[in-house]
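Chain letters run A, B, ... following the sequence lines, proteins first, then strands; residues in each count from 1. In what follows, every heavy atom counts, from backbone to side chain, and hydrogens, waters and symmetry copies are set aside.
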Amino acid sequence: MALIYIDDLKNHIAEEIKISGWLYNKRSSGKVRFLVIRDGTGILQCVMVKGIIQDDVFNLFDTITQETSLHVFGKIKKDDRAPGGFEMELTNIQIIAIAKEYPITPKEHGVEFLMDLRHLWLRSSRQHAILRIRHQIIKAIREFFDNRGFILMDAPIITPAACEGTSTLFETDYFDLGKAYLTQSGQLYGEAGAMAHGKIYVFGPTFRAEKSKTRRHLTEFWMVEPEVAFADLNDNMELAEEFLEHIVTSVLKYRSAELKTLERNISILEKVKKPFPRVSYSEAVEILKKEGIDFEWGNDFGGTDETIISEGFDRPVIVHRYPAKVKAFYMKRDPQNPDLALAMDVLAPEGYGEIIGGSQREDDFDLLVQRIKEHNLPQSAFDWYLDLRRYGSVPHAGFGLGVERTVGWICGLEHVRETIPFPRMIYRLTP
RNA sequence: UCCGCAGUAGCUCAAUGGUGGAGCAUCCGGCUGUUAACCGGAGGGUUGCAAGUUCGAAUCUUGCCUGCGGAGCCA
């Protein structure tokens, strides 16, 4: 017999059915008792009245504790008084396993306590909604690229050297070959893929060993990185805005119930339509100065700078053409001004900061060799990467989108630690 | 690594130098439509750890531990 799920109850009104789940909450007013069941797809209020149901079933109420697993049997009816709009008139209950005293009670808890119990916290309605939206975002990401002929190309997670040579990497011993590192970006491999397939995307976990202690940082996070051959900075910015529009539209369409659970103000999300405002780095610096910020041209923006810049716009804003010296070695210089890199960042509204970073890549062999030297990187480690310029180099561009920051923004969360099932942070390795 | 904040019952918090409490959770009792149900009762404490000041410390001082927020770095 196929399981019936709570989110499908509308097709089973007036039927006698079985629902399998866990006790979410229970209430009683003596002779009338309510069991609230969750089955992973929703919650269902079940009601029983003494004298109408068998006494031995009625009395099971006292032994069923929060999160006890059980089957409930009864007839489904519409009832506006019930959360979810449907109610089951109980005829029978089968207990599978009585739960021990459950630590997460239907009252407030602190984040530290809940994070220690993350494996159980995932069951509560808010976390449930967040992870369903995360799922939708990831689905929309894959859908977007798949529908446009991009090929998914997995990059290695264990790598021989830094991709960008700046961040601190997690290090491990690799047999007789010396040290290996966990990847901080699949991009360089993605460029190889773009030269083979035209347009690809890398989607995988990335790792940063920096001791970042902010609401925007995890040591392990997921990143999607498209890379397109024969594309320039403008193509890259257009791709990014169509991409973000698609993701947000998809979440609004398929996860409105979850956004409501999170009490997200969706009017802000509804404005995420292309074209996004575009400002150059220099214009962004002017915005900061107009707001009274003491900011020197040539520095990179900090978190608060990004917030101030994005506050002037009602949708994500693209900042382009950064000073080359604050950006990575592989970025192509602006032919109009060699001090600038053809880089672009997308800043999310409401202070969520940088969710996309990308650029047109340097495609000239000699210039790339020069950049590697300027950044004091070992050229031997990049010899394979230079091959991409030796053998049929073309203009190409791409970007990386941080999944957790995007989930945090769309859900309206305070901290990215709630956007991933089991966050890894500098002071948290468990559960 | 640096700066700031916090640590009291299983959980969330109160008590600011003078007898450590409340709500929730647990246990017992009551209630025929509850909505984080409600009402009555009970049990539950090395106030993060160590030292110091004081007649007296959860409260003041110092050190340590743990966590949170921010800076730097980045998505």
Side-chain angles (χ1 to χ4, degrees), chain A residues 24-36 43 45-53 58 61-62 65-67 79-85 87 89 100-117 120-121 124-126 163-169 183-187 204-225 240 299-307 326-328 345-348 352-358 399-409 414-417 419-420 425-428:
Chain A
Y24 194 62
N25 200 0
K26 63 178 184 180
R27 290 182 285 269
S28 166
S29 61
K31 303 287 189 293
V32 182
R33 291 176 169 179
F34 302 89
L35 295 174
V36 180
I43 62 167
Q45 176 165 287
C46 306
V47 62
M48 57 183 177
V49 178
K50 188 176 175 66
I52 294 174
I53 196 168
F58 186 79
F61 184 90
D62 295 325
T65 54
Q66 192 185 352
E67 290 302 318
D79 193 318
D80 292 338
R81 292 172 294 186
E87 189 170 74
E89 289 172 348
K100 303 240 185 311
E101 190 181 332
Y102 194 64
I104 303 177
T105 62
K107 278 279 179 185
E108 303 159 11
H109 299 284
V111 171
E112 186 189 338
F113 173 77
L114 290 168
M115 271 299 169
D116 285 339
L117 297 171
L120 301 177
W121 192 19
S124 56
S125 64
R126 226 182 122 72
C163 288
E164 303 178 19
T166 52
S167 303
T168 319
L169 303 180
T183 185
Q184 61 168 336
S185 166
Q187 183 211 309
T206 47
F207 307 88
R208 305 279 164 92
E210 282 140 0
K211 292 193 170 178
S212 297
K213 242 178 100 45
T214 82
R215 70 184 68 197
R216 303 184 306 282
H217 288 89
L218 300 168
T219 55
E220 176 184 298
F221 63 99
W222 287 71
M223 192 153 67
V224 56
E225 301 175 282
N299 292 335
D300 205 354
F301 300 126
T304 47
D305 300 324
E306 289 179 351
T307 301
V326 303
K327 288 293 182 184
D345 285 356
V346 179
L347 308 181
Y352 281 94
E354 183 186 346
I355 53 171
I356 282 179
F399 60 81
L401 171 109
V403 170
E404 285 72 21
R405 285 190 185 175
T406 304
V407 176
W409 161 54
E414 281 293 308
H415 199 301
V416 291
R417 65 189 157 199
T419 65
I420 188 168
M425 297 174 290
I426 58 173
Y427 293 126
R428 178 167 295 280

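When the P atom is compared between B:rU34 and B:rA22, the two are found 29 Å apart, to the nearest whole Å. Taking atom C1' on both nucleotides, B:rA50 is separated from B:rU16 by 23 Å, rounded to a whole Å. On the P atoms, B:rG7 is 45 Å away from B:rU32, given to the nearest whole Å. The C1' atoms of B:rG18 and B:rU54 are separated by 12 Å, rounded to the nearest whole Å. B:rU8 and B:rU47 have their P atoms separated by 11 Å, given to the nearest Å. When the P atom is used for both B:rG10 and B:rC64, the distance is 28 Å, rounded to whole Å. Remark: the separation of the P atoms in B:rU62 and B:rG4 is 12 Å, to the nearest Å. The gap from the P atom of B:rG43 to that of B:rG52 amounts to 36 Å, rounded to the nearest Å.
Listed nucleotides B:rA75, B:rU32, B:rC68 differ in distance to A:Ser29; the shortest reach to its side chain belongs to B:rU32.
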5'-to-3' dot-bracket of RNA chain B (Watson-Crick, G-U; under 3.5 angstrom; crossing pairs as [ ]; | other strand): (((((((..((((....[..)))).(((((.......))))).....(((((..]....))))))))))))....
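Formation of a donor-acceptor pair under 3.5 Å by the A:Glu306 side chain with backbone atoms of A:Glu354 is found in this model.
Close to B:rU1, at under 4.0 Å from its OP1 or OP2, lies a side-chain N or O of A:Lys211. The side chain of A:Arg417 places an N or O atom within less than 4.0 Å of a non-bridging phosphate oxygen (OP1 or OP2) of B:rG69. For the OP1/OP2 pair of B:rG70 and a distance below 4.0 Å, the side-chain nitrogens and oxygens of A:His217 include no atom meeting the criterion.
Along RNA chain B, the nucleotide closest to A:Ile426 and the one closest to A:Glu89 are compared, and the more 5′ of them pairs with A:Ile426. Heavy-atom nearest nucleotides on RNA chain B were determined for A:Leu218 and for A:Glu101, and the one closer to the 5' end corresponds to A:Glu101.
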